[in-house]
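A short write-up of the structure that comes next.
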Amino acid sequence: MSHVELLKQYELKATPQRLCVLGVLEKYGHATLDDIEKYTKVKFPTLSLSTIYRNLNEMLKKDLLSEVKLVNKKDYFEIKKEKHSHLICKECGKIEDYTIQTDELVEQIETLTSNKILSATVSFDIICKECLSTK
Ligand SMILES: [Zn+2]
Ligand SMILES: [Zn+2]
């Protein structure tokens with residue numbers, strides 16, 4: 001699906017700014033507000049950080065984007081997709097997606113602790129294969 005169609009599906013107008021933000025997220029997978037500003041500046045030098053932020057928020061509110069909360073890291077944004085976990089390289093900071101089934105684990109913990117689990121965010125600290133190969 002093109003980004004124009006994607007925005008339309010979420011009832012958002014396909015403005016050049018939004019398309020540019022989506023383009024950055026598509027290319028890099030996960031990006032912080034600073035990253036997005038850096039890359040959109042190349043195409044739209046006059047675009048202000050607050051405009052980028054407003055566009056991001058609109059797309060977040062519509063559930064087109066999701067915020068990635070990582071421990072000890074800035075917030076990252078990504079285009080919403082199937083629920084997944086993150087593998088974060090401790091050396092280069094790269095973030096990879098990985099889909100794992102947490103249902104069984106959640107059930108197990110609920111049974112063992114008698115608590116109700118509302119959501120599960122699983123992330124892994126890694127040394128990625130590229131960093132490993134340069135050692
Ligand atoms: Zn790495
Ligand atoms: Zn992700």
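Note that the numbering runs from 1 along the sequence shown for the chain. In each ligand, atom 1 is the first atom listed, and ligand 1 is the first ligand listed. If you're wondering where the values come from, they're calculated on a predicted model, not measured in any experiment.
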Measuring from the Zn ion (ligand 2), name the closest N, O or S atom belonging to E78.
-> OE1

OD1 (D97) - the Zn ion (ligand 2) - NE2 (H30) angle, nearest 10° = 80°

NE2 (H84) to the Zn ion (ligand 2) to NE2 (H86): angle, nearest 10 degrees?
->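 About 90°, to the nearest ten degrees.
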
Over 60° means perpendicular and under 30° means parallel, so classify the ring planes of H86 and H30, tilted if in between.
->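 Ring orientation of H30 relative to H86: perpendicular.
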
So do the side chains of [X] and [Y] get within less than 4.5 Å of each other, counting heavy atoms only?
{"X": "L64", "Y": "L12", "value": "yes"}
{"X": "I100", "Y": "L105", "value": "no"}
{"X": "D97", "Y": "E78", "value": "yes"}

Please calculate the SG(C131)-the Zn ion (ligand 1)-SG(C92) angle and round it to 10 degrees.
->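 If I round to 10°, I get 110°.
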
